[in-house]
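Some notes on the structure that comes next.
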Amino acid sequence: MSHYIEPAEITRQKDFLNRIKEINNNFYVKNGRKPLANTETYGCQQNENDTERIRGMLYEAGYDFCEKAEDADLVIYNTCAVRENAEDRVYGRLGILKHLKESRPELIIGLCGCMVQQEHIVEKIKKIHKHVDLIFGTHALYRLPELLYNTLKERETVIDIENCDGKIFEDMPILRDSSDKAWVSIMYGCNNFCSYCIVPYVRGRERSRAPEKILEEIKELVSDGVTEICLLGQNVNSYGKDLEQDIDFSDLLCMVNDIPGVQRIRFMTSHPKDFGDKLIDTMAACDKVCPQLHLPFQAGNNRVLREMNRGYTKEEYLEKIRRVKEKIPGISLSTDIIVGFPTETNEDFLDTLDVLRKVEFDSVFSFIYSKREGTPAAKLDFVLSEEEIHTNFNKLLEVQNEISKRKNDAYVGKTFTVLVDGVSKNNDEMLSGRTDTSKIVNFKGDAALKGKYVRVKVTEAHTWSLNGELAEEGI
Ligand code: 5AD
Ligand code: SF4
């Protein structure tokens, strides 16, 4: 298929991995250890999944990994461009790395991902952060072996941010973060061009992976012990539109549901404009598809939605939610909201609060609008002051926190099946896991339960998590 990278090119890249391996073998002989790589990921799950690919390639090329940049021979930051604060964090880290590079000039610093797919950013980095050795955009990910090899050989800055609509690559190594749950990308890119969003410019056009490739990957994951699959795409509802085969996202869900050994299926993200009855019915009919839906509505006011180029109205959104709740009782709902879109007034914002109150989401990811150079919304003038926007943002949190807590309260006293993620990050005496509705549950138990499905009785509810205890009945 045309949007696939040629197998010959993949073979060529694998050859570069072998050449790096030779360099790293020499490093081992000289230093008595493998070179260490440190990776950091900013932004969304797609980026997490891309970093798993980067780590897979690096591992294959003879690198081990370390937690801190201070210990590393190679640092790669996989960046995000969705909001300014994600970019600022990277600039902050680059400032720290500058000192590190001064004391250890042999350290290699690489930047990749959405932020550096933008030319004005790369110009800035070249000017201010001369200590960066390697810059590659989202479209050059599969070329990492060649680019890193050139960096190691030439010892001068290598940049590859060629822009294109985007291609898909298969059959490169991947090193996953979890042995129980896995992200599986089903499509890349976005065609929606919401007026505030940089993603379509840095991730290219929508392109779907062949279903056989997706199913093959999932079967392999299952044979490695993975039981929970999260299907990823910027807009999974567009899956298949660009394929010759007659297949859509609902069809794909059914196929994944049929794979023995898969126990839970999640997906993100759905765009409300393409979300419809077929998918709702499929979710209800497929026993492994979790009763959970992330459906970003962004803003409640119809004029603002139009100016955001979202393609639906508040009423249409609410109607879709009504149908979801009707067909899948107890479903847990989450959403993304932007507060302070340039033309949003205080009155418009009330429509956002109204949607919150009507839908009663389990959780909400809310963001203050961030101006993105090159997007249509960047040309709009602001109606509200920064202070007013912050006041609205805080109001939104206040309203939603009360709803989230109330929704969690309804779990108390009931018993749920939880997939154990492992020891809790905040308290090493507790285990942490998730219900099928994606609620975080903390409870006491043996660390050996990691990766297992257990029954947990919920005893206490907080705003963002639940506490519980292992129920007698195991499963
Ligand atoms: N400013 C603030 N939030 C944004 N998002 C996307 N672009 C912007 C922006 N310019 C949010 C949207 C999207 C989520 C991934 O990030 O809510 O759903
Ligand atoms: Fe951005 Fe809209 Fe595409 Fe989501 S659907 S990635 S918000 S342009």
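Each ligand, and each atom within it, is numbered from 1 in the order the structure gives.
- Closest to atom 18 (O) of ligand 1 among all protein heavy atoms lies D336 OD2, 2.7 Å.
- In this structure, atom 4 (Fe) of ligand 2 has no protein heavy-atom contact shorter than 4.0 Å.
- Residue I368 places a heavy atom less than 4.0 Å from ligand 1.
- Close approach of ligand 1 to R372 is summarised as follows: ligand atoms under 4.0 Å from at least one heavy atom of the residue are 10 (N).
- Using modelled atom types, one finds no donor on one side chain facing an acceptor on the other under 3.5 Å when comparing Q263 with E228.
- Considering backbone and side-chain N/O atoms, Y196 comes within less than 3.5 Å of an N/O atom of ligand 1.
- Residues in residues 295-306 take part in these salt bridge (Lys or Arg N to Asp or Glu O under 4.0 Å) pairs, two or more places apart or across chains: R303-E307, R303-D348.
- At a threshold of 4.5 Å between non-hydrogen side-chain atoms, the residues M187 and F249 do not count as touching.
- Listed by first and then second residue, the side-chain hydrogen bond (donor to acceptor under 3.5 Å, both in side chains) pairs involving residues 363-374 are E87-R372 (not counting sequence neighbours).
- With V184 as reference, L221 is the one residue of N49, V226, L221 to meet the side-chain contact (heavy atoms from CB on, under 4.5 Å) rule.
- Atom 3 (N) of ligand 1 has its closest protein heavy atom at R83 NH1, 3.3 Å.
- Using bins of under 30°, 30° to 60° and over 60° for the plane-to-plane angle, the ring pair F361/F297 lands in the parallel bin.
- Residues E162 and R143 have side chains in contact (heavy-atom distance under 4.5 Å, counting atoms from C-beta outward).
- With a heavy-atom cut-off of 4.0 Å, I338 touches ligand 1 through its side chain alone.
- Closer than 2.8 Å to atom 2 (Fe) of ligand 2 sit the protein N, O or S atoms C194 SG.
- With respect to atom 7 (S) of ligand 2, the closest heavy atom belonging to the protein is Y196 OH, 3.4 Å.
- The shortest side-chain heavy-atom distance between I440 and W464 does not fall under the 4.5 Å cut-off.
- Partners of E402 by salt bridge (Lys or Arg N to Asp or Glu O under 4.0 Å), not counting sequence neighbours, listed by chain and number: R406.
- In terms of protein heavy-atom proximity, atom 10 (N) of ligand 1 is nearest to S370 O, 2.8 Å.
- For F367, every heavy-atom contact with ligand 1 shorter than 4.0 Å involves the side chain, none the backbone.
- In Q298, the part holding a heavy atom less than 4.0 Å from any atom of ligand 1 is the side chain.
- Aromatic ring pairs are classed by plane angle as parallel below 30°, tilted from 30° to 60° and perpendicular above 60°; the pair H271 and Y312 is perpendicular.
- Residue contact check: Y369 has heavy atoms under 4.0 Å from atoms 1 (N), 2 (C) of ligand 1.
- Taking the centre of each ring, F193 and Y201 come in below the 6.0 Å mark.
- Looking only at protein heavy atoms, the nearest one to atom 6 (C) of ligand 1 is V82 CG1, 3.4 Å.
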task: Show your reasoning for whether salt bridge (charged side-chain N to carboxylate O under 4.0 Å, His left out) applies to R55 and E52.
output: CA-CA 5 Å; R55 289 168 74 90; E52 291 179 331; over 6 Å; no
